[in-house]
Amino acid sequence: MAQMLLHGVIDASILEADLSVTSDGKLRPTKKQQIENAIGLGPNAGKLYATVDIDKARAARTRMVDPRRSPQWNESFHIYCAHYAGHIIFTVKADNAVGATLIGRAYLPTAGLVAGGEEVDQWLPICDENRQPLEGGDRIHVKLQFTDVAADPKARWGAGVGGRPRYEGVPHTFFKQRPGCRVRLYQDAHIADGFAPRVQLAGGRLYEPRRCWEDVFEAINNARRMVYIAGWSVNARIALVRGPRWSETLGELLKRKAREGVTVLMLVWDDQTSVGLGPIKRDGLMATHDEDTAGYFRGSAVRCVLCPRNPDPDRSYVQGIETKTLFTHHQKTVVVDGGGSTAANAPPRLVSFLGGIDLCDGRYDTQEHPLFRTLGTTHRDDFHQPNFPGASVKKGGPREPWHDIHCRVEGPAAWDVLENFEQRWRKQGDGDNHLVVLDKGWRDREGAEDAESWNVQVFRSIDGGAAAGFPEDPKEAAACGLVSGKDHVIERSIQDAYIHAIRRARDFIYIENQYFLGSSYAWRRDDGVKLEEINALHLIPKELSLKIVSKIEAGERFAVYVVVPMWPEGVPESASVQAILDWQRRTMEMMYKDVALAIQAKGLRADPRDYLTFFCLGNREAPSPGEYTPPERPDHDTDYQRAQQSRRFMIYVHAKMMIVDDEYIIVGSANINQRSMDGGRDTEIAMGAYQPGHLASPDGPARGQVHGFRVALWQEHLGASAAAAAERSGDLLRPSSLACVRRMNQVAEQHWGLYADDAFPGELPGHLMAYPVGVRDDGELQEEAAVFPDTKAKVVGAKSTVLLPILTT
């Protein structure tokens, strides 16, 4: 069957089925079902559900219903698609405790009615694994209509967020877009005294960077009613404010506020490995300090609850084990009242913080990202270097520099961040107990629309195992953008937000993310990898490449810039890190193949990196007078020793951000991988925002806070000299231009050359470096460097024959 590109939205409904039965009226069991029914596995054994697949990529599934001849689901799905596919496949299964039993599949060809956008309303025959109709004449009733992305009015394909009709936000979501908000954007936990980007905004004003952790400290310090914190890792012993104003620790601050009568509630992820035996007992495998944090607050007025990533109770036994042991609560939020009157009728003036920065060790950093210089001062009690076994401040640097992005939201959207915390507290905290009762009518009254206000929408990846209050009725859930996962409810609006923002993009996209892998259904099939077993199915990488392809076909410029870490945090030679790098390589190659084919079809002479380019960040630091001298040394012939001798290390990119056309920004806790985008794996939160008063128009490009933030980030990464040259040429203000892309690539390649040169004795002039893989004209990747400097770790990674993909995707 011919493969058709389905890029847009599929509105599908699974209504009912007609299944064959035995003479006593029971469903005819397969041999596998006969065994499982005899064992009697699980409370849902034998319950029926159906799924929608775009070829072999799972797209949706129904709740479970009791087994009967004519099961009725009557469920509808709004499915984003970016797939080449020959069929839409509807599968009927019977659930059991250790998985599911296949009843059969029905196939709807994509050619013809589907690809043509016609409405399909059919009874389809259910077939066996050889695609032969089942003997009993089983069939399923479905409705379906595909809408191409260019014809979808809600997608606003290539239209940005300006113009008419007014942009109402991402549709089919739990939280709606809120006007009249205030937003602050933060690059890194602190702003260095010497970092002063000169970025001119609309009206002649200059962009002013803000200091994240100082703002968090002030917000908590000013709270009069409530301080709510949700975190993947929270370390009570870190100081938010350092230097001459060195503050009390976070734990001391929270205990003091609780003694003042402020309600302080904390939801901290309970790393199940931290209650084991031996050296990982306290810290756990991920060193989140969860047990230490709970112990620190025990007996105080601060209520700190350790939350395991519990599955929804209706998931199968195997799925429950996977969820609890493999996945995390990854949100990083702080919600406080604004410190005004505590009277019941007084406005709370909520302030919320969310993004990528955990309130824990290793996160405090500036735009200088030092490796050695601060080990005797700022980082003397905050040394973080998990990439080298046995690393410690006693053995010396390099520390792992940390680049991250966070935000502050005030106004109506801050109440949505509050609602997220309350839903989670009711599910895993203490019900309604201890939550401060606020008049929710203040939500809209705290908004103020003016020339500098923001429209903000809160997005999540979460399910019913982590949040209370989701509607149980499938129709009500679908109206909120929630989807079924057998008998649990999932929200995955963060992925939807990325998809919509990419589809709206006109000129360029800039991404910073800790991970970059996905769209595995479109990877090349080679070296024995079964793509249907990978299940990194989110659409973001494929959406990006299809956007570029559409622009090439239209003869228009477009650029995508992606900044990722050199490798994911951990020992770079380890199986898990190498597996993730392998998935990343496959993702990059898929995208470059798409771009290269479009270039060739258009007859252009162009480099695929003229449209799509990947970067990483790194630093080298020359010795300085009076520098900290460690009393010990790393072991001989280790990555640690080599990095210390060369005085270089990657800057760890932990950000989770995307900027589109200098108008729209997404900031949150979600990585670009399946764990973060799935909804049923890690719990995440993000916000998407723009300033209606600062959108691109025929009079000029967008020059609001999003523009200022993007240019400030580029100035940080490029370094003073390269940033000044790019500013003089005007390239920084034209990110979609070929001149800008090539300038960024050229500077990044120069920086990589200096970083990788073992004989280079000085300091890097900037941190932005080309990711060390080459790209041929046909989109094939080629080795620029076999291993990362100072390591034996392969740049392109290696397929793991041991680790399950669910662990690393």
| remark: Across all chains, not counting sequence neighbours, the salt bridge (Lys or Arg N to Asp or Glu O under 4.0 Å) partners of E368 are none
| query | Going from NZ on K656 to CG on N671, what distance comes out if it is rounded to the nearest 0.5 angstrom? | reply | 3.5 Å
| field | Qualifying ring pair (Phe, Tyr, Trp, His ring centres under 6.0 Å) pairs, either residue in residues 530-556, two or more places apart | value | none
| field | Spacing of M591 atom CE and S519 atom OG [to the nearest 0.5 Å] | value | 8.0 Å
| message | I need the L531 CG to R586 CZ distance, nearest 0.5 Å. | response | 8.0 Å
| task | Identify the two heavy atoms, one from I10 and one from I54, that lie closest to each other, and give their separation to 0.1 Å. | result | CD1-CD1, 4.1 Å
| query | Residues in side chain to side chain contact (heavy atoms under 4.5 Å, CB included) with A739, at least two apart? | reply | D731, S737
| query | Q705 and H694: side-chain contact (heavy atoms from CB on, under 4.5 Å), yes or no, with the steps? | reply | CA-CA 8 Å; Q705 292 294 319; H694 295 287; over 6 Å; no
Could you go through residues 706-715 and list every donor-acceptor pair under 3.5 Å that involves a side-chain atom there, pairing it with any protein atom two or more places apart or in another chain?
unit_1, atom_1, unit_2, atom_2, d
H707, ND1, D662, OD2, 2.8
H707, ND1, R703, NH1, 3.4
R710, NE, D662, OD1, 3.1
R710, NH1, L732, O, 2.8
R710, NH2, D662, OD2, 2.8
R710, NH2, L732, O, 3.0

| message | Which residue in the set H403, E400, E569 passes side chain to side chain contact (heavy atoms under 4.5 Å, CB included) when paired with M650? | response | E400
| field | side chain to side chain donor-acceptor pair (under 3.5 Å) partners for D11, two or more places apart | value | H78
| request: Output yes when a side-chain donor or acceptor of D610 lies under 3.5 Å from a complementary backbone atom of D607, and no otherwise. | output: yes
| field | Set of residues satisfying side chain to side chain contact (heavy atoms under 4.5 Å, CB included) with respect to L754, sequence neighbours excluded | value | F760, L764, P765
| query | Ion pair present between E532 and R525, side-chain N to carboxylate O less than 4.0 angstrom? | reply | yes
| said: Quick check for you: to the nearest 0.5 Å, what is the distance between M588 atom CE and K593 atom NZ? | reply: 14.0 Å
| said: If the condition is side chain to side chain contact (heavy atoms under 4.5 Å, CB included), which residues does S646 pass it with, not counting sequence neighbours? | reply: R620, R648, D790
| message | Can you see whether S676 engages E684 through a side-chain donor-acceptor pair at a distance of less than 3.5 angstrom? | response | yes
| query | So which pairs with a foot in residues 553-563 pass side chain to side chain donor-acceptor pair (under 3.5 Å), sequence neighbours left out? | reply | K551-E556
| Does a side-chain N-to-carboxylate-O contact under 4.0 Å join D582 and K794? | no
| field | Side chain Q367, main chain Q187, donor-acceptor under 3.5 Å | value | yes
| field | Any residue meeting side chain to side chain donor-acceptor pair (under 3.5 Å) with Q750, in chain and number order, not counting sequence neighbours | value | none
| Gap separating the SG atom of C81 from the CG atom of L539, nearest 0.5 angstrom | 7.5 Å
| note | The side chain to side chain contact (heavy atoms under 4.5 Å, CB included) partners of M4 (sequence neighbours excluded) come to T110, A111, A115
| query | What residues, two or more places apart in sequence or in another chain, satisfy salt bridge (Lys or Arg N to Asp or Glu O under 4.0 Å) together with D639? | reply | R642
| In Å, rounded to the nearest 0.5 Å, how long is the span from NE2 of H654 to CH2 of W402? | 4.5 Å
| field | Given H717, H369, H751, the one that forms ring pair (Phe, Tyr, Trp, His ring centres under 6.0 Å) with H767 | value | H369
| task | Any side chain to side chain donor-acceptor pair (under 3.5 Å) involving residues 496-511? Give me the pairs, sequence neighbours left out, ordered by first then second residue. | result | Y80-H500, Y167-R504, R503-E543, R506-E663, Y510-E512
